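These notes concern the structure reproduced below.
Below, each value reflects all heavy atoms present in this structure, side chains not excepted, and no hydrogens, waters or symmetry copies. For the single chain, residues carry numbers from 1 onward in sequence order. The structure displayed is predicted, hence computed values, not measured ones.
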Amino acid sequence: MRADRTLRVVLAEDSVLLREGLIGLLHRCGHEVVAAVGDAEALLTAVGEHEPDIVVTDVRMPPGFQDEGLHAAVRLREHRPALPVLVLSQYVQRAYASELLDSGDGSGVGYLLKDRVGQVEEFVDALCEVADGGTVVDPEVVRQLLRRRRDPLERLTPREREVLALIAEGKSNGAIARELVVSEAAVGKHISSILTKLDLPPADETHRRVLAVLAFLRA
């Protein structure tokens, strides 16, 4: 479990039990919840008051229990593009998920499904990664967003699009090589070509792979 530094967190979750549980968890992991709120308007107010290191928010909150939390997250990123935001939800809200992932330069943002976070360490590591400017997206979120998209990546070959789809599923180079029955060196060449054709900014390899998937979602 990462414990690089103490993070100041604004938490938005309408379920009192879950909210209190997350407060306790974050405290035990060495982080400080500077505000814990139960609706989107209170989230916007709390961020303005406390200027946290990161926001953790649910999607569906009062009054409508539709997409208030995610919509608030998008608004926050519009005004503060560098504000790290981690969405933790039971649902993939397609209307604003792509907009959130597209906000700023695509860094410092995450979208995890509650039912798929298997361990405390996994959640805390994701929190720290997003706070440090990383991008963490549940593969199921990617799959659901991809279903709505027509294939826009005309510069990619069919094999490169196939490789990109497997990257979106979270597969390693080795796993992709085994699935496609090619060498890891061949996979590496395909990935290098994908990153070049998408004109991605210089970054570490892991972040560029995530940006490649997000480029697909934005197109």
Side-chain angles (χ1 to χ4, degrees), residues 1-2 11-15 18-19 21-22 25 54-61 65-74 77 84-104 106-153 156 160-176 178-180 187 191 194 198 205-219:
M1 184 183 300
R2 294 175 56 171
L11 171 64
E13 167 60 58
D14 66 287
S15 168
L18 182 55
R19 186 166 69 237
L22 286 171
L25 168 63
I54 187 169
V55 169
V56 178
T57 183
D58 193 4
V59 169
R60 299 185 177 182
M61 290 192 292
F65 293 97
Q66 296 296 319
D67 54 21
E68 291 84 355
L70 187 52
H71 188 200
V74 170
R77 293 273 291 188
V85 173
L86 175 59
V87 172
L88 185 63
S89 179
Q90 289 180 302
Y91 313 95
V92 180
Q93 176 50 262
R94 296 174 178 175
Y96 288 104
S98 293
E99 192 173 346
L100 176 67
L101 296 174
D102 195 31
S103 61
S107 64
V109 64
Y111 198 130
L112 298 179
L113 298 180
K114 293 175 182 177
D115 293 343
R116 290 169 55 86
V117 178
Q119 298 179 345
V120 169
E121 291 84 355
E122 182 181 351
F123 167 67
V124 175
D125 283 349
L127 179 84
C128 294
E129 184 168 348
V130 171
D132 288 340
T135 306
V136 181
V137 185
D138 190 296
E140 179 59 26
V141 175
V142 174
R143 281 193 288 271
Q144 291 200 34
L145 293 177
L146 287 177
R147 291 193 195 111
R148 303 188 66 205
R149 300 285 179 156
R150 298 169 63 186
D151 190 351
L153 305 180
L156 301 188
E160 288 167 351
R161 287 197 292 269
E162 192 174 11
V163 170
L164 181 54
L166 293 172
I167 292 173
E169 294 178 9
K171 295 185 182 296
S172 66
N173 287 15
I176 293 172
R178 289 190 293 274
E179 182 152 341
L180 299 181
V187 172
I191 293 174
I194 291 168
L198 295 180
E205 178 68 16
T206 299
H207 189 50
R208 292 189 85 201
R209 288 167 73 101
V210 174
L211 290 177
V213 175
L214 294 181
F216 195 114
L217 299 179
R218 294 172 186 148

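- Between Leu70 and Thr57, the closest side-chain pair of non-hydrogen atoms is not below 4.5 Å.
- Counting only distance, with no hydrogens or angles, the side chain of Asp138 and the backbone of Glu140 share a donor-acceptor pair below 3.5 Å.
- Checked options Val136, Leu86, Val124; the residue passing with Glu129 is Val136 (criterion: side-chain contact (heavy atoms from CB on, under 4.5 Å)).
- Of all the heavy atoms in Leu156 and Arg161, the pair that sits closest is O-NH1, 2.7 Å.
- Listed by chain and residue number, Ala175 satisfy the side-chain contact (heavy atoms from CB on, under 4.5 Å) test with Ser172 (two or more places apart in sequence, or in another chain).
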If you apply the rule salt bridge (charged side-chain N to carboxylate O under 4.0 Å, His left out), what do you find for Lys114 with Glu13, and how did you get there?
CA-CA 12 Å; Lys114 293 175 182 177; Glu13 167 60 58; 3.0 Å; yes

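- Judged purely by atom type and a 3.5 angstrom limit, Gln119 has no side-chain atom pairing as donor or acceptor with the backbone of Glu121.
- Within the model, atoms CG of Leu11 and CG of Leu88 stand 9.0 Å from one another, a figure rounded to the nearest 0.5 Å.
- Proximity of Lys171 to Glu179: side-chain heavy atoms (C-beta onward) are separated by under 4.5 Å at one or more points.
- Counting heavy atoms from C-beta outward, Leu166 and Leu180 have side chains that approach closer than 4.5 Å.
- Of all the heavy atoms in Ala73 and Val85, the pair that sits closest is CB-CG1, 3.8 Å.
- Ile191 is listed as a side-chain neighbour of Ile167, based on a closest heavy-atom distance under 4.5 Å.
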